[in-house]
2 protein chains.
Amino acid sequence: MSMKKPDHSYHHGHLAESFLDAVDEIATQFGIEAVTLRACAKRVGVSPSSAFRHYADKRALLTAFATRAINQLADAMEQAKQEVQGTDMEAFHAVGLAYVTFALDRPAFFRAMWREETIYSHDERYVAAADRLAGYLKEGFVSTIRDEDPHAFSATELLAWSSVHGLASLFVDGPVARDRNREERIAIADAMLRGLAPALDR
Amino acid sequence: MSMKKPDHSYHHGHLAESFLDAVDEIATQFGIEAVTLRACAKRVGVSPSSAFRHYADKRALLTAFATRAINQLADAMEQAKQEVQGTDMEAFHAVGLAYVTFALDRPAFFRAMWREETIYSHDERYVAAADRLAGYLKEGFVSTIRDEDPHAFSATELLAWSSVHGLASLFVDGPVARDRNREERIAIADAMLRGLAPALDR
DNA sequence: ATCACATGTTAACGATGTTCACATCTAATC
DNA sequence: GATTAGATGTGAACATCGTTAACATGTGAT
């Protein structure tokens with residue numbers, strides 16, 4: 001049983017994940033546009049070209065990051081759902097608020113998730129993460145059959161997702177409530193979700 | 001009255017607009033990410049650096065393009081509204097459909113409009129265009145006082161905009177209805193808008 | 001005709017994504 | 001335990017990008 005300790009001076013060991021962390025930090029501090037392969041490499045303490053041993057190109061790295069971000073959002077939604085023990089409507093309200101709150105707190109992540117042109121949106125793991133997220137949204141506000149096709153959305157379900165996603169997008173990239181702080185925006189989201197209720201009732 | 005014909009071999013004449021047209025064409029054909037100052041210049045038939053006589057930097061050019069795109073969308077919405085002579089609800093339905101249809105037909109434009117990080121979102125003309133668009137959305141589905149603050153949205157108005165904007169975004173950058181064609185997506189939008197009606201009634 | 005000024009060009013700079021030949025380490029085999 | 005194939009990181013180089021500065025050319029007013 002040879003337990004040779006690996007020499008980490010040359011071989012990093014977890015470069016793939018470290019690059020994701022670097023994207024995370026740079027995107028958080030300076031925005032997605034500032035995310036550069038060279039900047040990531042410098043942050044990790046490694047040469048720029050090393051990224052290509054783990055990612056085919058920059059777009060693949062951004063895809064992996066988007067996948068991670070979507071899963072983080074899905075985690076937040078799952079937690080929000082479990083914390084409320086109420087009606088379907090109340091559950092959806094909590095999940096929707098978690099969605100908007102995530103966008104408010106991590107705008108760069110939210111942007112990175114939905115950039116068709118800068119990610120490989122057909123990547124296996126990306127699609128899986130998106131499906132998982134869609135599943136929570138459906139579950140969130142109405143009891144559905146679990147094994148239903150995640151791509152099949154009823155008009156009502158799509159309305160729910162669209163309104164939540166739209167508000168988040170308008171907050172992050174649009175001209176809505178630019179002069180309002182975090183709490184005020186959450187209150188706005190809360191009001192919008194309450195107004196949505198009549199359309200989700202059946 | 002000297003009417004000397006200007007020599008257009010050197011001085012172009014309408015470079016600022018021509019650059020916008022170039023962005024238009026390149027974005028349409030290859031997407032926003034492919035829009036490059038040099039590519040635009042080559043398309044116009046002019047040197048790369050000439051852009052800087054008319055735009056402070058690339059971001060300013062993209063801001064001007066986003067402004068134009070927003071105004072085009074607002075035009076489409078205005079036309080849609082005038083073509084239906086019905087209830088407020090019917091008017092909103094038509095305006096909402098025009099919004100989604102624009103995003104479907106010109107995805108690159110729709111993306112360019114709402115990219116906080118690649119445009120100067122506080123630019124005077126950009127803000128004016130966004131206000132105009134917001135105005136049509138408010139007018140579209142409910143008779144409001146004209147001179148109201150365009151930034152003040154009621155929960156209901158915001159719900160209307162969010163759901164329409166959200167669906168458009170999910171179509172363009174999200175995982176929704178990837179396997180559907182244009183007409184099917186419009187039908188989906190139509191159904192969603194019908195489902196939204198109960199929440200807009202008062 | 002002159003001249004201030006707006007508009008376009010050329011050449012160069014640093015930064016970026018990417019590649020390729022090479023260096024270094026790991027792990028399985030003999 | 002030495003060998004070696006393969007995985008992982010490096011360094012130098014390339015084309016392309018946004019941007020700048022010095023220069024060239026045309027326009028319009030005086």
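Per chain, numbering begins at 1; letters A, B, ... match sequence-line order. In what follows, every heavy atom counts, from backbone to side chain, and hydrogens, waters and symmetry copies are set aside. Note that this is a predicted model, so its numbers are computed, not measured.
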Handout entry: Gap between atoms CZ and P, on B:Phe19 and C:dT7 respectively (whole Å)
Key = 14 Å
Problem - Over 12 foreign heavy atoms within 6.0 Å of CD, B:Gln29 - result: yes
Practice task
Mind calculating the distance between CG (B:Leu15) and P (D:dT25) to the nearest angstrom?
Solution key: 18 Å
Problem - Nearest-angstrom distance from the residue atom CG of B:Leu61 to C1' of D:dT19 - result: 14 Å
Problem - Whole-Å gap separating P (C:dT16) and CG (A:Leu62) - result: 14 Å
Practice task
Please list residues of residues 35-43 of chain A whose heavy atoms come under 4.0 Å from any atom in DNA chain C, ordered by number; otherwise none.
Solution key: A:Thr36, A:Leu37, A:Arg38
Handout entry: Neighbour count above 12 (heavy atom, 6.0 Å) for B:Glu17 CD
Key = no
Exercise for the section: For the pair A:His165 and A:Phe110, name the ring-plane relationship: parallel under 30°, tilted 30 to 60°, perpendicular over 60°. Expected result: tilted
Handout entry: Nearest-neighbour nucleotide for the B:Phe52 side chain, D:dT10, D:dT19, C:dT18 considered
Key = D:dT19
Exercise for the section: Check whether the side chain of A:Ser49 and the base of D:dG11 form a donor-acceptor pair under 3.5 Å. Expected result: yes
Practice task
Please say whether more than 12 non-hydrogen atoms of neighbouring residues, nucleotides or ligands are located less than 6.0 Å from CZ in A:Arg178.
Solution key: yes
Problem - Nearest-nucleotide 5' precedence on DNA chain D, B:Asp57 against A:Ser50 - result: A:Ser50
Handout entry: Rounded distance (Å) that lies between atom C1' of D:dT27 and atom NE2 of B:His14
Key = 14 Å
Exercise for the section: Identify the two heavy atoms, one from B:Met77 and one from B:Leu137, that lie closest to each other, and give their separation to 0.1 Å. Expected result: CE-CG, 3.6 Å
Exercise for the section: Can you establish whether the number of heavy atoms outside A:Glu183 located under 6.0 Å from its atom CD is more than 12? Expected result: yes
Problem - Distance in angstrom units between A:Glu33 CD and D:dC17 P, rounded - result: 16 Å
Practice task
Starting from C1' on C:dT7, measure out to OH on B:Tyr55 and report it in whole angstrom.
Solution key: 14 Å
